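Remember, it's a predicted structure, so these values are computed and weren't measured experimentally.
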Amino acid sequence: MSVLYIILGLGLLVLGGEYLVRASVGLSFKLNISKMVIGLTVVSFATSAPELLVSLQAALNGLSSISLGNVIGSNIANIGLVLGITAMIAPLYISKDFYKIHWPFMGVFSVVLYYFLWNDKQLSFIEGAILFVGIILFIAVLILNAKRKASSGEALEVEDVDDKLAVASYVKIFIWLTIGGVALYFGSELLVKGAVELATHLGVSERIIAVTMIAVGTSVPELAASVIAALKQEESISIGNLIGSNIFNIGSVLGITALIQPITVTSPEILSSDIFWMLGFAGLLLLISVLPQKKVINRFKGFLIFTTYLVFIITTFI
């Protein structure tokens, strides 16, 4: 039953996340928010909702290892799994924003998270507030950068926004919001319950299930979208969006969760292993971006990243 709970939970989270994005974008259009701002803020917050609900549900149930493992594992999967597989299908090109904005912010957020957890083995209310303020600063920088690009005629890196949602009625938006909220709530309940039961059955910690299975599950939508875009040879694959997801995971998911319920480090491996893997993948991404064939992550580099991710999964279970 535990595997069934996890599958149903992930399915509901994907469904709930999709409807929440629709509702959020539709409502944003009604409020006359520009498409650029919607793509940079509303979509990013909405797509982080599944991770937020899982981390919050786990923290409220006293399962901090799932809260932290979910986010740290998702950040590792976004680079190792999603970016690695996508690059093996089609080369990914790196923009200047990666070096100037996205990677520096991800690096700072990752190091700050490590310090907060290492300092007192807890993510407190104040530390959660600092992370959340950091995400607001990140959004402000993105908006200012996008406006500068728009005024100079440069190409923008913004999440795709469906223009058809602009004509959605308030009734539809309410229905989407209701479906999204209910699906996210019960999805997080089932996923956390299934993770605990499966960990008990396998004789491993909840943290191992969180940093591997749950993290991969919550990264599936990004993986599917990126792989489909790569197969179609579309130009819409953005490394910036993947890195932005990692930043939102730390700043909004852990930040908001800590504001509601402080997160305590209950599994030593989170500080002795997992978070170093997260920092390591961030460093690896920067390293391969400046190696020969700069500004492109080719198939070989993608294979290297994905192989490193497999090593992470194997060593985590061992």
Side-chain angles (χ1 to χ4, degrees), residues 9 13 44-78 105-139 181 184-197 199-200 204-215 217-218 245-279 282 316:
L13 286 172
S44 296
F45 272 113
T47 51
S48 292
E51 285 92 341
L52 173 59
L53 265 290
V54 171
S55 290
L56 184 56
Q57 183 70 42
L60 292 173
N61 289 345
L63 300 166
S64 294
S65 57
I66 293 182
S67 296
L68 292 170
N70 170 41
V71 167
I72 293 172
S74 289
N75 282 14
I76 294 171
N78 278 341
F105 265 95
M106 181 179 70
V108 169
F109 268 88
S110 300
V111 171
V112 167
L113 175 63
Y114 169 73
Y115 174 75
F116 284 164
L117 296 178
W118 169 83
N119 184 47
D120 56 2
K121 307 297 186 293
Q122 187 183 64
L123 200 60
S124 66
F125 176 90
I126 297 296
E127 290 165 343
I130 292 172
L131 290 177
F132 189 69
V133 169
I135 205 70
I136 301 301
L137 175 62
F138 173 64
I139 290 170
L184 286 170
Y185 174 77
F186 285 105
S188 62
E189 283 265 2
L190 287 171
L191 187 58
V192 171
K193 182 178 181 181
V196 173
E197 288 191 6
T200 303
V204 299
S205 67
E206 291 94 352
R207 161 236 155 213
I208 289 179
I209 301 300
V211 85
T212 55
M213 292 184 65
I214 294 179
T218 53
S245 177
N246 282 14
I247 296 169
F248 268 82
N249 279 344
I250 296 174
S252 65
V253 175
L254 287 182
I256 292 173
T257 300
L259 284 172
I260 299 170
Q261 176 71 40
I263 305 172
T264 304
V265 178
T266 54
S267 297
E269 293 86 358
I270 286 175
L271 279 177
S272 65
S273 175
D274 300 338
I275 202 160
F276 285 111
W277 275 102
M278 185 183 79
L279 293 168
T316 297

Can you list the steps and then say if Leu68 with Leu254 is a side-chain contact (heavy atoms from CB on, under 4.5 Å)?
-> CA-CA 8 Å; Leu68 292 170; Leu254 287 182; 4.1 Å; yes
Nearest heavy-atom neighbours spanning Ala195 and Ile66 = CB-CD1, 4.2 Å
Verify whether the ring centers belonging to Phe138 and Phe109 lie closer than 6.0 Å.
-> no
Can you measure from CG (Leu184) to CD (Glu51) and round to the nearest 0.5 angstrom?
-> 10.0 Å
Which residues satisfy the side-chain hydrogen bond (donor to acceptor under 3.5 Å, both in side chains) test with Glu127, sequence neighbours excluded?
-> Ser124
Got a donor-acceptor contact below 3.5 angstrom from the Asp120 side chain to the Gln122 backbone?
-> yes
Could you walk me through whether Leu259 and Phe125 pass side-chain contact (heavy atoms from CB on, under 4.5 Å), step by step?
-> CA-CA 5 Å; Leu259 284 172; Phe125 176 90; 3.6 Å; yes
Under 3.5 Å donor-acceptor, Ser188 side chain and Tyr185 backbone | yes
Going from OG1 on Thr257 to CG on Leu123, what distance comes out if it is rounded to the nearest 0.5 angstrom?
-> 9.0 Å
Which heavy atom of Asn246 sits nearest a heavy atom of Met106, and at what distance?
-> ND2-SD, 3.7 Å
Between the side chains of Asn70 and Ser55, does any donor sit under 3.5 Å from an acceptor?
-> yes
side-chain contact (heavy atoms from CB on, under 4.5 Å) between Glu197 and Ile209, worked out | CA-CA 10 Å; Glu197 288 191 6; Ile209 301 300; over 6 Å; no
If you measure from CZ on Phe186 to CD on Gln57, what distance do you get to the nearest 0.5 Å?
-> 10.5 Å
Value for CG (Leu190) from CG (Leu13), rounded to nearest 0.5 Å, stands at 9.0 Å
State, to 0.1 Å, how close Gly73 and Ala215 come at their nearest heavy-atom pair, and which atoms those are.
-> C-CB, 3.2 Å
When you measure from the side chain of Ser67 to the backbone N and O of Ala59, does any donor-acceptor pair fall under 3.5 Å?
-> yes
Supply the atom-to-atom distance Leu52 CG to Asn249 CG, rounded to the nearest 0.5 angstrom.
-> 10.0 Å
Whether Trp118 and Tyr115 hold their rings parallel, tilted or perpendicular, with breakpoints at 30° and 60° = tilted
From CA spacing to verdict: side-chain contact (heavy atoms from CB on, under 4.5 Å), Leu271, Tyr114 | CA-CA 8 Å; Leu271 279 177; Tyr114 169 73; 4.1 Å; yes
Any side-chain heavy-atom pair from Ile256 and Phe132 closer than 4.5 angstrom?
-> yes
From Ile72 atom CD1 to Leu279 atom CG, the distance as rounded to the nearest 0.5 Å = 9.0 Å
Shortest non-hydrogen pair, Ile270 vs Val265, comes out as CB-CG1, 4.5 Å
Heavy-atom distance under 4.5 Å between the side chains of Arg207 and Thr212, does that happen here?
-> no
Between Asn75 (side chain) and Met278 (backbone), is there a donor-acceptor pair under 3.5 Å?
-> no
